Visitor: 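The structure under discussion is supplied below as structure tokens; questions concerning it will follow.
Predicted model only: the values in this text are computed from it and were never measured. Note that these values count all heavy atoms, side chains included, but never hydrogens, waters or copies made by symmetry. Chain naming here is simple, since letters A, B, ... match the order of the sequence lines and numbering starts at 1 in each.
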Amino acid sequence: MSTQSSRLAARLMVAPSVAVLLIWMIVPLAMTLYYSFRLYRLISPERTGWTGFTNYVWFFQSPEFWLAMGNTLALVGGVLAITVVLGLLIALLIDQPVKGQGILRILVIAPFFVMPPVAASILENLFMHPQNGLFAAIAMGFGAQPILFLQDYPMLSVIGIVSWEWLPFSTLILLTALQSLSSEQLEAAEMDGASAFNRFRFIILPHATRAITVVILIQTIFLLGIFGEIFTTTQGGPGSASTTLPYMIFKQAIAAKDIGRAAAGGIIAVILANIVAYFLMRGIGRHLDA
Amino acid sequence: MGKIQLTKVRKSFGEVDVIPGIDLTIENGEFVVFVGPSGCGKSTLLRLIAGLEDTTSGVIDIDGKDATSLPPAKRGLAMVFQSYALYPHMTVRKNIAFPLKMAGMDQAEQDKRVERAAKVLNLANYLDRRPGQLSGGQRQRVAIGRAIVREPAAFLFDEPLSNLDAALRVGMRQEISELHQSLKTTMIYVTHDQVEAMTMADKIVVLNAGRIEQVGAPLELYHTPKNLFVAGFIGSPKMNLIEGAEAAKHNAHTIGIRPEHITVGEGPWEGVVGLSEHLGSDSFIKVDVAGLGIINVRGSGELNVHHGDRVRLAPAGKIHRFDSQGLAI
Amino acid sequence: MARSLSPRRKLITTLSAWTVALIIFFPVLWMILTSFKTEPSAVAMPPQFLSADWTLENYVEVWARSDYPRFFWNSVVISVGSTLLGLAFAIPAAWAMAFVPGKKTKDLLMWMLSTKMMPAVAVMIPLYLLFLKLGLIDTKIGLVMALMLMNLPIIIWMLYTYFKEIPGEILEAARMDGAGLWNEIIHVLTPMALPGIASTMLLNIILAWNEAFWTIVLTTTKAAPLSAFIASFSAPQGLFYAKLSAASAMAILPILILGWFSQKQLVRGLTFGAVK
């Protein structure tokens with residue numbers, strides 16, 4: 001419902017944003033695509049040329065690639081599972097009429113504002129460190145051997161760190177969703193004889209579905225690109241035990257100095273991200289446009 | 001001055017013709033009401049005149065000048081919206097002064113006009129409040145105040161009373177009528193409520209499916225509806241429309257008899273009373289007459305009939321006749 | 001769902017809610033405590049809570065040795081600058097999409113969001129080379145641009161959600177009152193959307209402040225913000241717990257405080273209005 005002149009004005013006003021985003025997306029992507037078919041190693045810059053799919057083939061034949069794919073999946077899936085389940089439980093708890101709800105919210109939200117390198121290095125050093133960490137102290141207090149987190153459970157450690165960073169986000173959003181549920185609905189269900197579990201199952205959970213899907217969509221966007229936490233803590237190791245796809249690309253570019261291979265990995269990552277994005281947007285995107 | 005002339009005005013959204021083509025003249029100083037069921041295109045027509053929508057084809061003249069492609073700001077019209085559309089971040093004073101500020105009027109003149117409008121609309125004590133602190137009726141007045149200060153060529157009202165409760169609505173209706181009498185400015189008023197149309201209008205335009213069914217003074221539409229649609233739309237309770245043998249007796253496809261033109265007591269039709277409503281001043285009954293269907297009857301004063309009674313009815317007054325196309329004969 | 005509970009149940013839920021909240025908050029608290037300990041006290045086993053040697057030495061040393069003010073200033077310039085620049089692009093775009101929506105508006109919004117799904121590492125090399133060629137490596141202006149582009153989809157989405165709550169009739173009223181497009185945006189839309197614009201701003205400052213990939217890849221020294229400063233600090237492991245904690249505290253405290261003030265708007269903003 002609008003006039004031609006306002007439609008024209010609208011186009012002109014959207015245009016700059018679309019243009020810069022298009023450039024921001026297309027130019028690096030095109031360059032990455034170009035490099036992915038090139039032989040381009042920083043250690044032997046004189047040898048260049050087209051190599052066809054060699055870089056891609058190397059990736060698919062590398063055992064590390066499949067490990068990295070599995071690790072990426074574990075990271076995204078693990079963090080999503082932990083944050084959604086714990087987030088929902090904590091939200092249900094805080095949603096009760098407890099004392100000092102405002103301060104509780106402030107305490108719970110805090111990790112979200114901690115920048116990833118800080119979060120990672122604090123948890124790594126002050127908590128998970130096998131000699132000086134708080135967890136080691138607790139283990140020794142019970143007479144047990146300290147757990148070598150980064151050594152023995154590198155992927156779980158990374159998942160733990162990232163989950164701590166994102167738990168506030170899911171908790172806060174689910175809490176907000178719960179608070180918008182009218183108490184009359186719950187009272188009606190109670191009058192209808194629904195037990196506490198059934199009230200959760202048939203009233204609260206359906207009400208929170210939309211919030212949960214939004215949490216999944218938004219977290220996935222950020223989780224697919226997780227890098228800093230691994231860089232600060234395990235550096236993808238030991239070996240490749242905690243190497244994710246982004247980190248593997250990073251290693252190819254920085255450690256192996258093979259730009260061609262890194263670019264091929266980048267294209268693979270972009271394609272995978274787009275597949276995930278497609279399904280997410282289709283399944284969840286409709287929840288966004290309120 | 002506010003003479004508005006529409007020539008072959010057409011509006012389509014994509015494939016759909018919302019308004020297939022309308023010719024209409026609104027004289028200076030007239031109070032014109034667009035009335036029709038929801039979705040009939042009355043609001044769209046108003047928005048075309050306002051310039052908030054483009055016409056697909058056709059010409060809109062305001063005061064003899066082609067305004068078809070002028071933006072709303074340049075048409076010299078003022079509009080009162082259904083939701084009042086007050087600026088929530090401005091005081092009442094600033095709301096009313098906003099069109100004057102946009103016109104670049106100097107501050108002293110702005111103040112003078114705002115004060116004058118506030119006095120007329122009983123808003124003088126509220127000038128420094130925000131819209132959120134006002135009642136529905138007061139907000140309505142502010143919206144009207146914002147419209148009158150710039151002395152527009154014409155006022156456009158888009159269902160302005162539909163958000164008010166029944167009692168306030170009657171009061172505001174009278175206020176708007178009085179405003180028209182004192183300002184003598186052209187007003188175009190959109191409503192789906194035929195009572196508002198009948199009580200306020202100099203001229204009613206009945207719209208249906210984007211077409212004008214009939215244009216005329218309120219009583220003209222009441223007494224001589226041009227077709228079945230107008231006959232059924234104007235008047236409350238609705239005119240009884242009867243088809244078949246009874247209509248054939250009058251050489252018509254359909255006949256229409258207003259509820260107040262039927263007497264209870266003696267008569268050719270017999271039926272059982274269904275619903276009966278007694279308001280003291282009037283009585284409304286619905287009678288199920290074999291072969292005719294449900295007949296609405298309106299009796300003045302008290303009618304001593306109740307649910308389940310058998311009564312006889314007789315037409316006593318004008319019988320409207322329509323042909324098979326639904327046009328009045 | 002404020003429901004009344006028996007006093008005993010209320011006590012239990014209050015206690016457990018506080019316990020959970022304190023556990024979540026504990027790493028931040030422990031970091032702040034450690035930052036005030038001497039180094040030996042920080043790594044002492046068993047850990048020292050109240051018996052520790054308290055000192056401000058770590059802050060003094062981090063401040064003196066690391067040129068903290070410059071990193072801080074770079075963080076401010078980059079996060080505020082990228083947010084303001086982003087708003088300049090996003091306000092008109094969000095206006096257009098909210099008030100003159102077309103058939104493709106939703107697809108366009110989805111496309112914008114999907115640009116955020118591209119893993120940054122994937123395009124790191126070309127962007128690095130591009131920045132190198134344009135002379136933008138280790139410049140504040142380069143980072144401002146990069147972070148603006150990174151967060152632009154989110155800024156547009158958030159503003160779009162806030163703008164959509166403003167009834168279109170009010171903008172039409174302004175048009176009828178003789179306001180042109182410019183006056184409509186300046187006098188009516190912007191003041192009405194001010195709370196929304198403010199929380200969008202705050203949230204994006206936080207996101208930009210905490211960004212720790214491009215800030216590390218695209219800077220060396222001159223333009224490096226606090227996130228790069230921390231990354232450089234965490235390299236020597238083990239022995240500098242107290243100083244690491246002090247540096248970390250200095251890096252996150254400004255944004256933590258800002259975040260606490262804006263946490264109410266955070267939910268609506270980050271879920272693009274889908275959860276209220």
Side-chain angles (χ1 to χ4, degrees), chain B residues 13-14 43 46-47 49-54 70-91 94-105 110 130-132 139 142-160 163, chain C residues 87 90-92 94-108 158-202 264-265 268-269 273 276:
Chain B
F13 290 118
S43 279
L46 190 75
R47 291 167 62 86
I49 296 171
L52 294 170
E53 302 276 353
D54 288 329
L70 284 183
K74 299 262 167 66
R75 295 191 183 195
L77 307 174
M79 185 152 165
V80 176
F81 290 84
Q82 187 171 5
S83 66
Y84 320 138
L86 301 179
Y87 310 122
H89 56 290
M90 299 183 197
T91 58
K94 289 207 169 130
N95 260 286
I96 297 178
F98 187 72
L100 306 177
K101 185 174 159 190
M102 287 298 109
M105 192 177 281
Q110 281 187 32
R130 300 252 170 132
R139 287 183 207 183
V142 177
I144 294 172
R146 195 171 64 183
I148 61 176
V149 277
R150 39 189 295 225
E151 297 168 2
F155 292 100
L156 312 178
F157 293 91
D158 187 5
E159 307 226 16
N163 285 338
Chain C
L87 283 176
I91 289 179
W95 172 88
M97 291 198 271
F99 297 114
V100 197
K103 282 190 212 104
K104 300 234 169 71
T105 301
K106 230 189 130 176
D107 294 335
L108 195 63
M158 285 180 66
L159 287 178
Y160 168 79
T161 345
Y162 286 117
F163 285 2
K164 266 189 66 157
E165 280 171 18
I166 295 170
E169 272 196 351
I170 289 193
L171 300 188
E172 288 180 349
R175 248 169 270 172
M176 291 304 295
D177 284 344
L181 189 58
W182 187 242
N183 277 324
E184 181 185 322
I185 290 184
I186 292 292
H187 289 291
V188 181
L189 176 67
T190 308
M192 282 187 72
L194 213 55
I197 292 175
S199 50
T200 306
M201 234 179 99
L202 229 53
K264 280 251 162 71
Q265 289 81 42
R268 280 201 43 203
K276 283 175 196 159

Visitor: For chain C, which of B:Pro99, B:Pro88, B:Ala103 has the most heavy-atom pairs under 4.5 Å?
Guide: B:Pro99
Visitor: Name the region of B:Lys101, side chain, backbone, both or neither, that has any atom closer than 4.5 Å to a heavy atom of chain C.
Guide: side chain
Visitor: Would B:Asn95 and B:Tyr84 count as having a side-chain donor-acceptor pair, cut-off 3.5 Å?
Guide: no
Visitor: For B:Leu156, which atoms come within 4.5 Å of any heavy atom of chain C: side chain, backbone, both, or neither?
Guide: side chain
Visitor: Calculate, to the nearest 0.5 Å, the distance between atoms CD1 and CZ belonging to C:Ile170 and C:Phe99 respectively.
Guide: 9.0 Å
Visitor: Under 4.5 Å, counting heavy-atom pairs only, tell me which of B:Gly51, B:Ala50, B:Pro71 racks up the most with chain C.
Guide: B:Ala50
Visitor: Side-chain donor-acceptor pair under 3.5 Å between C:Thr105 and C:Tyr160, yes or no?
Guide: no
Visitor: Once you round to the nearest 0.5 Å, how far does CG of C:Leu159 lie from CH2 of C:Trp95?
Guide: 14.5 Å
